[in-house]
*Asks:* 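My questions all concern the structure below.
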Amino acid sequence: MKRSLRVRFTMIFIGLMAIILIGIWCVNNLMLEWFYINQKVDALQLGYTKMNELVMEKWEAGGSINDEFITDSNGEEIQTPAIELLRNLGDQYNITMVIIDSFSNTPVVASTRDVKFMLDRVFQYMVGRNNPRTELILEEDNYTIQKTYDSRSKSFYLESWGYYTDNRTIFIMSIPLASIRESVQLSNKFLAYVGISALVIGSGVVYFTTKRVTSPILQLAHISERMSHLDFDAKYQDDAQDEIGVLGNSVNVLSDKLKETIGELKSANNQLLKDIEEKNQIDEMRQEFIGNVSHELKTPIALIQGYAEGLTEGMAEDKESRDYYCEVIMDEANKMNTMVRQLLTLNALESGNDMVTMERFDLVELIHGVLTAAKILIEQKQAVIMFDCDHPVHVWADEFKIEEVVTNYVSNALNHLGGERVISIIIEELGEDVRVTVRNTGLQIPQEALPNLWTKFYKVDKARTRAYGGSGIGLSIVKAIIDSHHKECGVRNVEDGVAFWFTVDSKV
């Protein structure tokens, strides 16, 4: 069961107060009577000392204490130091005293009306006749202090009796002892009332005042809980300069540091995941590349090896057969050479080693040049070329690389001609861009295959691609060239065939 700090503080306060009250109660029971008697004993000793000084002063002057207790012509006592002392002892300590001249055994002075009773008691004490319930408290050379029970009043008295230092004057002093146990009980009862009241009031005060302490702690607990859920927007708001305020400021600093550190860790983790993903992609691409290259080189190498072995074993004895064998070997070697050069070109483009050289040139003139270079192939394919742009279109790009793009598109169109065997080249000026589209009639490309055309070694129809010597790298080179220009390229199926397009800048 959870308990708040307010309850704990209150319980601690109640416990401490209860311990203190119980302690006071025990001290009252055990020590109050002893303390009370000691105070009375001290009062009797003080009375003896003061009166003894007066007695000795008179004795040294050749007189006696009787001289201190005289009356005037009207029979009233003259105020002397001894009379004053007796009055003070009675008023302050409730001490009654009888002083007796041992020569005459008559009282010199008495501060009580019960003189005869006091005389009888002192004479009994002097001859050793003490009450059985008498308890000796203190015994000195000249006097004794004892606790005596008075059967008449059924109460205890503290009495001091003996001689003063002049060895002539006898005295007895008596102090009534109140019922100390009754006093202890009353004291404890009063203490219980006061203590319980103080305990209730103090507990209420502590419970409500500790809110000032517990509220900031609860706020810090709430903030720490939010921090455990990676919410670092909560801040400690109290501006107190005490220990809790210092703790709150430290929590705010910790929150900011954790937020910053976790942000850095997330960024580092994202970068790490990205690096791992790129590494995995590179590994996959490397494995795919090796597999594709191996696959592409396997057929020409096998053909070259087979025809070379045929020549070695004399299978082509006539010149026509030998020329055929050599022609196949040269053709396959040329295909391998073309693929290697394309791979080197693509690698240079993808790695950024083949830098783009921007220059201004006429795109129409470049396309005418590509078509002129492919004139023989166009005639062989019986293709109809439609390109009727009759005005210059100047663009900013790497002329050599854009020429390679156009050549790839035109070659690709010639190799996939069908239907009416028409190739259309369209130039569109679109603000700051120029878009070139090369369309050819023929079979459409399956829709799911369109996004993969730019992947190295991808072939929609492998048999047909092999027939014209394609390696599946040309469109990858196109994509790399256009990406290096930070432009776009694409492909789409049209009504009677396929259209490939790319864009270049018309302005700097």
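Note that these values count all heavy atoms, side chains included, but never hydrogens, waters or copies made by symmetry.
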*Asks:* Quick check: does any side chain N or O of Asn270 sit under 3.5 Å from a backbone N or O of Lys266, one acting as donor and the other as acceptor?
*Replies:*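 Judged by distance alone, yes, a pair lies under 3.5 Å.
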*Asks:* Locate the shortest heavy-atom distance separating Glu403 from Val370; write the atom from each residue and the value.
*Replies:* CG-CG2, 3.8 Å
*Asks:* Using side-chain heavy atoms (C-beta onward) and a distance below 4.5 Å, is Pro176 in contact with Tyr157?
*Replies:* yes
*Asks:* Do Cys489 and Phe500 make a side-chain contact, defined as non-hydrogen atoms from C-beta onward lying under 4.5 Å apart?
*Replies:*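 No; the side chains remain at least 4.5 Å from each other.
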*Asks:* Is any side-chain heavy atom of Gln447 less than 4.5 Å from a side-chain heavy atom of Asn493?
*Replies:*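 The answer is yes, as the side chains (C-beta and beyond) meet within the 4.5 Å cut-off.
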*Asks:* What is the distance from atom CZ of Arg435 to atom CD1 of Ile427, rounded to the nearest 0.5 Å?
*Replies:* 12.5 Å
*Asks:* Give a yes or no on whether the backbone of Trp501 and the side-chain of Tyr409 come within a donor-acceptor separation of less than 3.5 Å.
*Replies:* yes
*Asks:* Would you say that Val494 contacts Arg439 through its side chain, given a criterion of any heavy-atom pair below 4.5 Å between the two side chains?
*Replies:*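 With C-beta onward as the side chain, the pair touches.
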*Asks:* Look at atom CD of Glu264 and say whether more than 12 heavy atoms of other residues, nucleotides or ligands are closer to it than 6.0 Å.
*Replies:*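 Enclosed.
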*Asks:* Who are the side-chain hydrogen bond (donor to acceptor under 3.5 Å, both in side chains) partners of Asn88, not counting sequence neighbours?
*Replies:* none
*Asks:* Counting distance only, does the side-chain N/O of Asp398 pair as donor-acceptor with the main-chain N or O of Met358 below 3.5 Å?
*Replies:*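 Absent.
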*Asks:* Starting at CD of Glu404, measure out to CZ of Phe400 and round the result to the nearest 0.5 Å.
*Replies:*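 Going from the CD atom of Glu404 to the CZ atom of Phe400 covers 5.5 Å.
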*Asks:* Would you mind reporting whether Phe502 and Val406 have side-chain heavy atoms less than 4.5 Å apart?
*Replies:* yes
*Asks:* Taking all atoms of both residues into account, what is the closest heavy-atom pair of Thr437 and Glu428, and its distance?
*Replies:* OG1-OE1, 4.0 Å
*Asks:* Working note: Phe156 + Glu135, criterion side-chain contact (heavy atoms from CB on, under 4.5 Å); need CA distance, chi angles, decisive distance, verdict.
*Replies:* CA-CA 10 Å; Phe156 285 93; Glu135 179 183 347; over 6 Å; no
*Asks:* Quick check for you: to the nearest 0.5 Å, what is the distance between His394 atom NE2 and Ser506 atom OG?
*Replies:*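 So the gap between those two atoms works out to 12.0 Å.
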*Asks:* CD1 of Ile137 to CG of Asn38: how many Å apart, nearest 0.5 Å?
*Replies:*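 Here the interatomic distance stands at 8.5 Å.
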*Asks:* Does the side chain of Leu363 reach to within under 4.5 Å of the side chain of Glu399, using non-hydrogen atoms?
*Replies:* no
*Asks:* Does Asp505 reach the main-chain N or O of Val395 with its side chain, forming a donor-acceptor pair under 3.5 Å?
*Replies:*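 Here the side-chain-to-backbone pair does not exist.
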*Asks:* Run the salt-bridge test on Asp483 and Lys479 with the 4.0 Å N-O cut-off and return the result as yes or no.
*Replies:*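 So Asp483 pairs with Lys479 through a salt bridge.
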*Asks:* Find out whether Lys401 and Ile482 are in side-chain contact, i.e. whether some heavy atom of one side chain is under 4.5 Å from a heavy atom of the other.
*Replies:* no
*Asks:* For Thr503 and Lys487, which heavy atoms make the closest approach, and how far apart are they?
*Replies:*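 Closest heavy-atom pair between Thr503 and Lys487: O-CB, 3.2 Å.
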*Asks:* Could you pull out the closest heavy-atom pair between Ile95 and Ala43, with the gap in Å?
*Replies:* CD1-O, 3.8 Å
*Asks:* Does atom CD1 (Ile276) have a neighbourhood of more than 12 heavy atoms from anything else shown, all under 6.0 Å?
*Replies:* yes
*Asks:* Looking at Gln39, I'd like to know if its CD atom is crowded, meaning that more than 12 non-hydrogen atoms belonging to other residues, nucleotides or ligands lie closer than 6.0 Å.
*Replies:*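 More than 12 within 6.0 Å, yes.
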*Asks:* Could you tell me the separation between the CG atom of Leu46 and the CG atom of Leu89, rounded to the nearest 0.5 Å?
*Replies:*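 With rounding to 0.5 Å, CG (Leu46) is 6.5 Å from CG (Leu89).
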*Asks:* Should Tyr36 and Lys40 be marked as a side-chain contact (heavy atoms from CB on, under 4.5 Å) after you check the CA-CA gap, both sets of side-chain angles, and the distance that decides it?
*Replies:* CA-CA 6 Å; Tyr36 178 79; Lys40 297 299 184 181; 3.5 Å; yes
*Asks:* To the nearest 0.5 Å, what is the distance between CG on Asp362 and SG on Cys389?
*Replies:* 8.0 Å
*Asks:* What closest approach, in Å, do Glu495 and Gln444 show between heavy atoms, and which atom pair accounts for it?
*Replies:*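 Heavy atoms only, the tightest pair is O-NE2, 3.7 Å.
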*Asks:* State which residues pass side-chain hydrogen bond (donor to acceptor under 3.5 Å, both in side chains) with Asp91; sequence neighbours excluded, sorted by chain then number.
*Replies:* none
*Asks:* So for atom CD, which belongs to Glu420, do other residues, nucleotides or ligands contribute more than 12 heavy atoms lying within a distance under 6.0 Å?
*Replies:* no
*Asks:* Is there side-chain contact between Leu371 and Ile385, with at least one heavy-atom pair below 4.5 Å?
*Replies:*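 Yes, at least one pair of side-chain atoms sits under 4.5 Å.
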*Asks:* So, His368 versus Phe387, ring centres under 6.0 angstrom or not?
*Replies:* yes
*Asks:* Donor-acceptor check, side chain of Asn412 to backbone of Asn408, threshold 3.5 angstrom: yes or no?
*Replies:*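 Pair absent, no side-chain N/O of Asn412 close to backbone of Asn408.
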*Asks:* So, the side chain of Thr441 versus the backbone of Val422: is there a donor-acceptor pair under 3.5 Å, distance only?
*Replies:*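 Checking the backbone N and O of Val422 against the side chain of Thr441, a donor-acceptor pair under 3.5 Å is found.
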